Asks: 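Encoded as structure tokens, here's the structure I'll be asking about.
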Amino acid sequence: MAIQVIQGGCAHDCPDTCAWQVTVEDGRATRLAGDPNHPYTKGALCAKVNRYLDRVYAPDRVLQPLRRTGAKGDARFAPIPWEQALVEISSRLEEVVAEHGAEAVLPYSYAGNMGLVQYAGMDRRFFGALGASRLDRTICGDTANIGVTSVIGSSTGMLPEEIEQSRLIVLWGTNTVVTNVHLWPLIRRARDAGARVVAIDPVRTRTAQEADRWMQPLPGSDPALVLGLLRLIVDEGLEDAEYVARHTRGWAELRERVAEWPLERASSVCGVPADEIAWLARTLASVRPACIRTLVGPEKHPTGAATFSAIATLPAVLGLWRDAGGGLLHWTREVFSTTFDTRAVSRPDLAVARTRKVSMIQVGRALNDAELDPPIKALVVYNSNPAAIAPNAGLVRRGLEREDLLTVVSDLFVTDTARYADYVLPATSFIEHWDLLFPWGHTYAVLNRPAIAPVGEAVSNGELFRRLAGAMGLHGPDFEESDESMVRRAVPDELWPELSERGWVRMPLREAPPFADGGFPTDDGRAHLWAGDWSPPPPPGPEPLVMVSAKYGLHFLNSSYSHLPRHARPEGAPHVVMHVGDAGARGIRAGDRVMVRNSRGCLDLVAVVGEDVRPGVVAVPHGYWGAASANLLTTDGLSDRGGGADFYSTRVEVEKT
Ligand SMILES: Nc1nc2c(c(=O)[nH]1)N[C@H]1C(S)=C(S)[C@@H](COP(=O)(O)OP(=O)(O)OC[C@H]3O[C@@H](n4cnc5c(=O)[nH]c(N)nc54)[C@H](O)[C@@H]3O)O[C@H]1N2
Ligand SMILES: Nc1nc2c(c(=O)[nH]1)N[C@H]1C(S)=C(S)[C@@H](COP(=O)(O)OP(=O)(O)OC[C@H]3O[C@@H](n4cnc5c(=O)[nH]c(N)nc54)[C@H](O)[C@@H]3O)O[C@H]1N2
Ligand SMILES: [Mo]
């Protein structure tokens, strides 16, 4: 028997980007485990990917091209040969282009595969050369990054390893234990050395349960919490006056705004008691080193960017950046863009025109918009599941029901979106194709080599778009380049030997701490403090309760995994978490079936009653499929900057059924 161990990595949309080793026996993967030699992920995988082979060999995996035989949404299909699928799809796309122009074609993809080549490679070349509409891919991170960048000039501040030196760690709207598991051991080591951990989250998440202190703002109100902290800092003179004077801009203006926010006002808007705000301000101002950790959660509100500008202002005002282990730990992906040549892979120069952009968040509106010129007549979905993950998913599904819309979905499974497809095309899993992976939570690029041949007739996204390009008459080396060649093209020659031999490579590191002596990457080298001109936005609906629907499931990755039995079982039935007071007022008891509803739709859920959310707030985990998707209720407005979503400000009512 031939046994091989192949080095690769996980391309999920996750800060951690683990390196793994796949054991292959006679062509079949029999074991997938973390690579113990990887300096950051250290051989540990997560609750999802520990069972990645369940995905690869799932009995319900799509293994051949399928053509619709039933009504849209019914998920009734018959297998057809690849050759026939390509002929039919390309001729229908050609008809759409001839009749309505190429902008009537819309790609819909996100980071279901976050790898360099499978996220944005041959697909971008194909749609660019076709002249299709462009998708504005802003559902995750852009709003937060704009907020942080507006202050420190970059989305990257501290690097994760530095958190071990911190003695106060504020996890601000991030659920580390669930969403960023490899940071937790570093936080634990800091704690063993005496660090305190504070979680700021409207929900008592697994992370809040682990923290020394949990503060519970109302969803979307963090700018008021920051104004309260700043008020106390100003009143007690706790700012680092020298750091502020030498390395920041805008302090005088910010102080004026802060004067309008007595602690009681801030407290009543954000819902955090004044004495807790005062405690946090004094602690942040006195413990050293102190850091704030953010990812993306609080961006998903109407003033999400302002929230991140506000949070990013605190380390500058308090001079937290002076210390190794102090400052803001937010994002690392930027460190890769200067080293690797991503444009050589996606080739924006092949685009025939600067075509219109359609927001991925408002795709439901776009699909149902009778005025849109040209209308969207063909939708090609890969690396994403918009019928489950986009806000106002009911509207998305109504759009997908349109008989005059050609929908092609490439996926491993018949997802909520694929149920509506005219054609479903089989996609490879991560262990079946080449890629290069860049995390957003650490600084190691990981090389992914295929460990097994594609299962069934699955093809990588690279291969899918090579085939489609050929079928549509786009020939030549740019449209025929292999996935492996695209990977190689992005990597500088001097890094290739190390990357290909070990399977990962660390980005060149700067000296920590980054801004101890200012030097922010802004136009004047100073941190540009948030202006503080914020007021609470009006609630996006008349219903009395705010529903947050973040990533609370250890075994789900957005909508991936929730249909697999060994992942779904431990997460339990789809549920809503309520405060005892809100439940009591509605005659609801733990375990009751309830309807959570608003003008967009309703969900039939099990009530979990307790004190894990505050009165006025309910939490529904994101990730379930079908009639249990939280997105049947979510609002499809945009955030203040960066084109983000306002999912977590959704208003609902809950009733006993
Ligand atoms: N297990 C698991 N891991 C994942 C994912 C997954 O689905 N499952 N998804 C991956 C992806 S795509 C991403 S983007 C990351 C996200 O990583 P995180 O940003 O850590 O996770 P989120 O669940 O989006 O949001 C974090 C927390 O923000 C809280 N929150 C909501 N509104 C507010 C607010 O107004 N203020 C404050 N202070 N907190 C608020 C939510 O209750 C939630 O607990 O996780 C990645 N990792
Ligand atoms: N209510 C609510 N909605 C949310 C969020 C939330 O917290 N609450 N979070 C938002 C965030 S932060 C994000 S990032 C988005 C994520 O939304 P999506 O990016 O759509 O993520 P997934 O639901 O994991 O869907 C990815 C799909 O890609 C498929 N896939 C994986 N690899 C490949 C491949 O190589 N080729 C092809 N063709 N397909 C592949 C998977 O099987 C899966 O069906 O969801 C957003 N939606
Ligand atoms: Mo995300």
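Whatever order the structure lists them in is the order used to number ligands and atoms, beginning at 1. Since the structure is predicted, the reported quantities are computational estimates derived from the model, not experimental observations.
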Asks: For atom 16 (C) of ligand 1, what's the nearest protein heavy-atom neighbour? Residue, atom name and distance, please.
Replies: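 In this structure, atom 16 (C) of ligand 1 has Val296 CG2, 3.8 Å as its nearest protein heavy atom.
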Asks: Quick one: which residue pairs count as a ring pair (Phe, Tyr, Trp, His ring centres under 6.0 Å) with a foot in residues 617-642, not counting sequence neighbours?
Replies: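 Qualifying pairs: Phe556-Tyr624, His563-Trp625.
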Asks: Kindly state whether the ring of Trp530 and the ring of Phe308 have centres lying under 6.0 angstrom apart.
Replies: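 Ring centres of Phe308 and Trp530 not closer than 6.0 Å.
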Asks: Which heavy atom of the protein is the closest neighbour of atom 12 (S) of ligand 1, given with residue, atom name and distance?
Replies: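 Ranking protein heavy atoms by distance from atom 12 (S) of ligand 1, first comes Asn558 ND2, 3.2 Å.
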Asks: If you measure from each non-hydrogen atom of Lys48 to ligand 1, which part falls under 4.0 Å: side chain, backbone, both or neither?
Replies: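 Under 4.0 Å from ligand 1, Lys48 contributes side-chain atoms alone.
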Asks: Starting from atom 31 (C) of ligand 1, find the nearest protein heavy-atom neighbour and note its residue, name and distance.
Replies: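 Sorting protein heavy atoms by distance from atom 31 (C) of ligand 1 puts Tyr648 CD1, 3.4 Å first.
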Asks: Return a yes/no value for Ile200: is any of its N or O atoms, backbone included, closer than 3.5 angstrom to an N or O of ligand 1?
Replies: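 So ligand 1 has an N or O lying under 3.5 Å from an N or O of Ile200.
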Asks: Below 3.5 Å, N or O to N or O, backbone or side chain included: is there any such pair between Ala550 and ligand 1?
Replies: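 No, since none of the N or O atoms of Ala550 sits under 3.5 Å from an N or O of ligand 1.
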Asks: Under 3.5 Å, is there a donor-acceptor pair linking the side chains of His182 and Thr41?
Replies: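 There is no such pair (donor and acceptor under 3.5 Å, judged by atom type) between the side chains of His182 and Thr41.
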Asks: Any idea which atoms of ligand 1 are less than 4.0 Å away from a heavy-atom of Pro219?
Replies: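 Answer, ordered by atom number: 35 (O).
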Asks: Which residue holds the protein heavy atom closest to atom 23 (O) of ligand 1, what is that atom called, and what is the gap in Å?
Replies: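 In this structure, atom 23 (O) of ligand 1 has Lys551 N, 2.9 Å as its nearest protein heavy atom.
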Asks: What I want to check is whether the side chains of Ser460 and Glu463 have a donor and an acceptor closer together than 3.5 Å.
Replies: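 There is no such pair (donor and acceptor under 3.5 Å, judged by atom type) between the side chains of Ser460 and Glu463.
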Asks: With heavy atoms only and a cut-off of under 4.0 Å, state how Phe556 meets ligand 1: side chain, backbone, both or neither.
Replies: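 Phe556 to ligand 1: backbone contact only, side chain stays beyond 4.0 Å.
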Asks: Is there side-chain contact between His330 and Asn145, with heavy atoms separated by less than 4.5 Å?
Replies: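 Yes, close enough: below the 4.5 Å cut-off.
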Asks: Angle between ring planes, His12 versus Phe430, binned at 30° and 60°: parallel, tilted or perpendicular?
Replies: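 Perpendicular.
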Asks: Only heavy atoms of Tyr382, strictly under 4.0 Å: list the atoms of ligand 2 that pass.
Replies: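 What qualifies from ligand 2 is 38 (N).
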Asks: Compute the minimum heavy-atom distance from Gly553 to ligand 1 and say whether it is under 4.0 Å.
Replies: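 For ligand 1, residue contact (heavy atoms, under 4.0 Å) with Gly553 is present.
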Asks: Where on Gln118 is there a heavy atom closer than 4.0 Å to ligand 2, on the side chain, on the backbone, on both, or on neither?
Replies: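 Gln118 to ligand 2: no contact under 4.0 Å from either part.
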Asks: Can you see which heavy atom on Lys48 is nearest to which on His567, and at what distance?
Replies: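 Closest heavy-atom pair between Lys48 and His567: O-NE2, 2.8 Å.
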Asks: For Trp440, state whether at least one heavy atom is located under 4.0 Å from any atom of ligand 1.
Replies: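 Judged by the 4.0 Å heavy-atom criterion, Trp440 does count as contacting ligand 1.
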Asks: Could you identify the single nearest non-hydrogen protein atom to atom 45 (O) of ligand 1 and state the distance to 0.1 Å?
Replies: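 That would be Thr179 CB, 3.2 Å.
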Asks: Should Asn385 and Ser559 be marked as a side-chain hydrogen bond (donor to acceptor under 3.5 Å, both in side chains) after you check the CA-CA gap, both sets of side-chain angles, and the distance that decides it?
Replies: CA-CA 7 Å; Asn385 183 12; Ser559 77; 3.0 Å; yes
Asks: Need the ligand 2 atom indices (1-based, order shown) with element for anything under 4.0 Å from a heavy-atom of Phe430.
Replies: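 Atoms satisfying the 4.0 Å criterion: 32 (N).
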Asks: Checking a contact table here: which protein heavy atom is nearest atom 35 (O) of ligand 2, and how many Å away?
Replies: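 The protein heavy atom lying closest is Asn113 ND2, 3.0 Å.
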Asks: Using a heavy-atom cut-off of under 4.0 Å, does the side chain or the backbone of His563 touch ligand 2, or both, or neither?
Replies: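 Contact part for His563 vs ligand 2: neither.
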Asks: Of the protein's non-hydrogen atoms, which lies at the shortest distance from atom 26 (C) of ligand 2, and what is that distance?
Replies: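 Ranking protein heavy atoms by distance from atom 26 (C) of ligand 2, first comes Gly112 CA, 3.5 Å.
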Asks: Between Arg467 and Trp82, is NZ or CZ placed under 6.0 angstrom from the six-membered ring centre and within 45° of the ring axis?
Replies: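 Yes.
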Asks: Give a yes or no on whether the ring-centroid distance for His301 and Phe647 is below 6.0 angstrom.
Replies: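 That pair fails the under 6.0 Å test.
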Asks: Tell me which protein heavy atom sits closest to atom 20 (O) of ligand 2, plus the residue, atom name and distance to 0.1 Å.
Replies: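 Residue, atom and distance for the closest contact: Ser384 OG, 2.7 Å.
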Asks: Any Lys/Arg nitrogen of Asp636 or Arg365 sitting under 4.0 Å from an Asp/Glu carboxylate oxygen of the other?
Replies: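 Yes.
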Asks: Do me a favour and list the nearest non-hydrogen protein atom to atom 42 (O) of ligand 2 with residue, atom name and distance?
Replies: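 Checking every protein heavy atom, the shortest distance to atom 42 (O) of ligand 2 gives Asp411 OD1, 2.6 Å.
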Asks: Can you report which non-hydrogen protein atom sits closest to atom 28 (O) of ligand 1, along with the distance?
Replies: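 Of every protein heavy atom, Gly173 O, 3.3 Å lies nearest to atom 28 (O) of ligand 1.
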Asks: What protein heavy atom sits nearest atom 14 (S) of ligand 1, and how far away is it?
Replies: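 That would be Cys140 SG, 3.1 Å.
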Asks: Out of Asp411, Asp13, Asn461, which residue meets the side-chain hydrogen bond (donor to acceptor under 3.5 Å, both in side chains) rule with Asn383?
Replies: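 Output: one option passes, namely Asn461.
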Asks: Kindly identify the option in Pro202, Gly220, Gly297, Ser562 whose heavy atom sits closest to atom 39 (N) of ligand 1.
Replies: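 It is Pro202 whose heavy atom sits nearest to atom 39 (N) of ligand 1.
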Asks: Taking non-hydrogen atoms only, is Asp222 closer than 4.0 angstrom to ligand 1 via side chain, backbone, both or neither?
Replies: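 It is the side chain that touches ligand 1; the backbone stays farther off.
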Asks: Going by an N to O cut-off under 4.0 Å, is there a salt bridge joining Asp483 and Arg466?
Replies: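 Yes, Asp483 and Arg466 are salt-bridged.
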Asks: Does a donor on one side chain sit under 3.5 Å from an acceptor on the other, for His433 and Thr428?
Replies: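 Result is yes, a qualifying pair exists.
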Asks: Flag the pair Tyr382 / Tyr108 as yes when their ring centroid distance falls below 6.0 Å, and as no otherwise.
Replies: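 No.
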Asks: Side chain, backbone, both or neither: which part of Leu554 has a heavy atom under 4.0 Å from ligand 1?
Replies: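 Near ligand 1, Leu554 shows its backbone, while the atoms from C-beta on stay back.
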Asks: Among side-chain atoms of Asp646 and Ser639, is any donor-acceptor pair under 3.5 angstrom?
Replies: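 Side-chain D/A pair, Asp646 to Ser639: absent.
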Asks: Which is closest to atom 27 (C) of ligand 1 in terms of heavy atoms, Asp16, Asp201, Asp13, Asn175?
Replies: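 Going through Asp16, Asp201, Asp13, Asn175 one by one, Asp201 has the nearest heavy atom to atom 27 (C) of ligand 1.
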Asks: Report the member of Arg206, Lys300, His301 with the shortest heavy-atom distance to atom 33 (C) of ligand 1.
Replies: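 Closest candidate by heavy-atom distance is His301.
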Asks: Would one find an N or O of Tyr552, backbone or side chain, under 3.5 Å from an N or O of ligand 1?
Replies: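 By distance alone, the answer is yes.
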Asks: Only counting residues at least two apart or in another chain, list the ones meeting side-chain hydrogen bond (donor to acceptor under 3.5 Å, both in side chains) with Arg51.
Replies: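 So Arg51 forms no side-chain hydrogen bond (donor to acceptor under 3.5 Å, both in side chains) with any residue.
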Asks: With atom 41 (C) of ligand 2 as the reference point, say which of Arg61, Met547, Arg55, Glu432 has the nearest heavy atom.
Replies: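 When every heavy atom of Arg61, Met547, Arg55, Glu432 is considered, Arg55 comes closest to atom 41 (C) of ligand 2.
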Asks: In terms of residue, atom name and distance, what is the protein heavy atom nearest to atom 5 (C) of ligand 1?
Replies: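 That would be Leu557 CD2, 3.4 Å.
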